[in-house]
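So the structure is just underneath, and the comments pick up after that.
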Amino acid sequence: MRAEHGSGSDDDVYDSDLLIVGAGPVGLYAAYYAGFRGMSVTVIDALGQPGGQMAALYPEKKVYDVAGFPAVKAQDLVDALVEQASQAKPRYLLGHIAQTLKDTAGGVAVTTHQGMVVTAKAVLVTGGIGSFTPRPLPAGSAYENRGLRYFVPKPAELTGADVVVVGGGDSAVDWALALEPLARSVALVHRRPRFRAHEHSVRLLRSSSVRLYTPHEVLRISGENRVEQVELSNLETGATESLRADAVVAALGFVANLGPLATWGLQMRGRHIAVDRTMRTSRPRVYAAGDIADYDGKVALISVGLGEAALAVNHLTPVVDPTLGTVPGHSSDGQ
């Protein structure tokens, strides 16, 4: 079943059994599993490195919901998944946006924004939430790249700093906890008394030295050339307070955009791709797994996404090669 890469008429055309759109954890595990089932694989991702949001946004964050790991650093998990996927010898097209999808005789063809064409017998979309843009902090837009940031890929850069984190979700809480042992001080500002983050993380937060300001909002940021002060307003009393700050981390969530995927004629559930219990979409030969896929009872966890990847690959295997069944052999059988 293993097809030759680059078997088209020129170097801009690649042929694979399976095309995976998205090189995050789910896509990487799907690449490994497709190799286990005997397929050749091409992986496309708009980012310049594998790992998706996990590698781009919080590589130092601890991940707690992967079986077998009480806790694992996000980048370490990505590195292990890349190593595991290497068994399938996937071809990566990083920095490429999957743009158009067309049916072909016995398969599909996807063209990237750089003109690369990948032909495959099936497509598995594992694109997370699609492309993402951070929600801006209106009170501090003038200080972007001057102390105001939206990501903390390297917490060590803020060692010894006074840091104000704004937000109440997982990213805000995780970054506050990650910075606590490094920064001189960490304050977390949220508009509501309750946080939207995972309960375990919130318990750690409340027992930490991070100063909590709820329900508060940022009125303004000031400083001559960089962030120096953050003025807060108490939403219950109207009282204001100023905090000394060297850096502000605005973790207010992201605006997701499916981009060209939205034009592929797939049935949607809100901003997600609808799939059935086999992870098949409404379009023949196209499957989806991970955060981008949705169905009744969906639970958005990395561990669930990894299982969805294996489920999708097993169900698309007969589509790629009708002589093979859905049920695989055991991985311990020496394949």
| task | State, without any angle test, whether Thr326 and Asn314 hold a side-chain donor-acceptor pair at a distance under 3.5 Å. | result | no
| message | Pair Leu212, Leu205 - check side chain to side chain contact (heavy atoms under 4.5 Å, CB included), show working. | response | CA-CA 9 Å; Leu212 303 181; Leu205 177 71; 3.8 Å; yes
| task | Would you please classify the geometry between the Tyr32 ring and the Phe36 ring as parallel, tilted or perpendicular, with 30° and 60° separating the classes? | result | parallel
| query | Going from OG1 on Thr214 to CG on Asn234, what distance comes out if it is rounded to the nearest 0.5 angstrom? | reply | 8.5 Å
| message | Test side chain to side chain contact (heavy atoms under 4.5 Å, CB included) on Met268 and Ile273; report intermediate values, then the result. | response | CA-CA 5 Å; Met268 307 298 293; Ile273 298 173; 4.1 Å; yes
| message | Name the residue from Thr111, Thr112, Asp45 that meets the side-chain hydrogen bond (donor to acceptor under 3.5 Å, both in side chains) definition with His96. | response | Thr112
| query | Which residue pairs satisfy the salt bridge (Lys or Arg N to Asp or Glu O under 4.0 Å) criterion with at least one member in residues 185-205, sequence neighbours excluded? | reply | Arg191-Glu217
| task | May I ask you to check whether over 12 heavy atoms, not counting those of Arg280, lie within 6.0 Å of atom CZ? | result | no
| Tyr29/Thr126 under side chain to side chain contact (heavy atoms under 4.5 Å, CB included): CA gap, chis, key distance, verdict | CA-CA 10 Å; Tyr29 184 66; Thr126 59; over 6 Å; no
| note | With sequence neighbours left out, the residues meeting ring-ring contact (aromatic ring centres under 6.0 Å, His included) with Tyr92 are none
| query | Is the shortest heavy-atom distance from the side chain of Leu219 to the side chain of Leu232 under 4.5 Å? | reply | no
| said: With clusters defined by side-chain heavy atoms of hydrophobic residues (ILVMFWY) lying less than 4.5 Å apart, directly or transitively, does Leu204 cluster with Val163? | reply: yes
| remark: Smallest heavy-atom separation, Leu94 atom then Pro50 atom, equals CD1-CD, 3.7 Å
| Can you check side chain to side chain contact (heavy atoms under 4.5 Å, CB included) on Arg211 and Ser185, steps first, answer last? | CA-CA 8 Å; Arg211 292 173 292 151; Ser185 68; 3.6 Å; yes
| query | Would a 4.5 Å heavy-atom cut-off, applied to side chains only, mark Thr42 and Pro90 as touching? | reply | no
| request: Enter the distance from Met116:CE to Ile97:CD1 here, rounded to the nearest 0.5 Å. | output: 14.0 Å
| Shared hydrophobic cluster, Leu252 / Ile221 (ILVMFWY, side-chain heavy atoms < 4.5 Å) | yes
| field | Backbone N/O of Asp246 and side chain of Asp162: donor-acceptor pair under 3.5 Å | value | no
| Does one hydrophobic cluster hold both Val304 and Met279, with members joined at side-chain heavy-atom distances below 4.5 Å? | yes
| query | Going by heavy atoms in the side chains, are Asp17 and Arg37 under 4.5 Å from each other? | reply | no
| Pairwise side-chain contact, Met54 with Leu77, heavy-atom cut-off 4.5 Å (strictly under) | yes
| request: Could you pull out all residues at least two apart from Phe69 that satisfy ring-ring contact (aromatic ring centres under 6.0 Å, His included)? | output: none
| remark: Closest non-hydrogen contact found for Ile292 with Leu258 is CD1-CD2, 3.6 Å
| task | Evaluate the ring planes of Phe151 and Trp175, with Trp represented by its six-membered ring, and classify them as parallel (under 30°), tilted (30 to 60°) or perpendicular (over 60°). | result | perpendicular
| request: Looking only at non-hydrogen atoms, find the nearest pair between Ser201 and Leu177 and report the distance. | output: O-CD1, 3.7 Å
| query | If you count the non-hydrogen atoms of other residues, nucleotides and ligands that lie under 6.0 Å from CD in Glu231, is the total more than 12? | reply | yes
| Heavy-atom side-chain contact between Asp296 and Arg269 under 4.5 Å | yes
| field | Heavy-atom pair of closest approach, residues Ala172 and Val165 | value | O-CG1, 3.6 Å
| Are Leu266 and Val286 close enough that some pair of their side-chain heavy atoms sits under 4.5 Å apart? | yes
| query | To the nearest 0.5 Å, what is the distance between NE2 (His113) and OG1 (Thr100)? | reply | 12.5 Å
| field | Presence of salt bridge, Arg283 and Asp103, under 4.0 angstrom | value | yes
| Are Tyr213 and His190 close enough that their ring centers fall under 6.0 Å? | no
| said: Tell me whether Arg146 contacts the main-chain N or O of Asn225 through its side chain, where contact means a donor paired with an acceptor under 3.5 Å. | reply: yes
| said: Is there a side chain to side chain donor-acceptor pair (under 3.5 Å) between Ser222 and Glu228? Walk through the geometry before answering. | reply: CA-CA 6 Å; Ser222 60; Glu228 295 178 3; over 6 Å; no
| said: Applying a strict under-4.5 Å side-chain criterion to I, L, V, M, F, W and Y, I'd like to know whether Val313 and Val26 cluster together. | reply: no
| field | Spatial distance of atom CG (Leu18) from atom CG (Leu124) [nearest 0.5 Å] | value | 6.0 Å
| request: For His315 and Thr278, test the side chains for any donor-to-acceptor distance below 3.5 angstrom and give the result as yes or no. | output: no
| message | Using 0.5 Å steps for rounding, measure from the CG atom of Leu311 to the CG atom of Leu306. | response | 12.5 Å
| Should the pair Lys298-Glu308 be classified as a salt bridge under the 4.0 Å nitrogen-to-oxygen rule? | yes
| task | For Ala250 and Tyr150, work out which heavy atoms get closest and say how close. | result | O-CD2, 3.4 Å
| said: Any donor-acceptor pair under 3.5 Å linking the side-chain atoms of Gln267 with those of Thr281? | reply: no
| said: For Glu60, is there an ion pair with Lys73 - N to carboxylate O distance below 4.0 angstrom? | reply: yes
| task | Would you mind reporting whether Val248 and Tyr143 have side-chain heavy atoms less than 4.5 Å apart? | result | no
| Lys121 NZ to Asp15 CG distance, which is reported to the nearest 0.5 Å | 6.0 Å
| Which atom of Val41 lies closest to which atom of Ser16, heavy atoms considered | C-OG, 3.8 Å
| task | Would you kindly confirm whether Val189 and Leu235 end up in one hydrophobic cluster when ILVMFWY residues are joined by side chain heavy atoms under 4.5 Å apart? | result | no
| said: Using side-chain heavy atoms (C-beta onward) and a distance below 4.5 Å, is Asp276 in contact with Tyr287? | reply: no
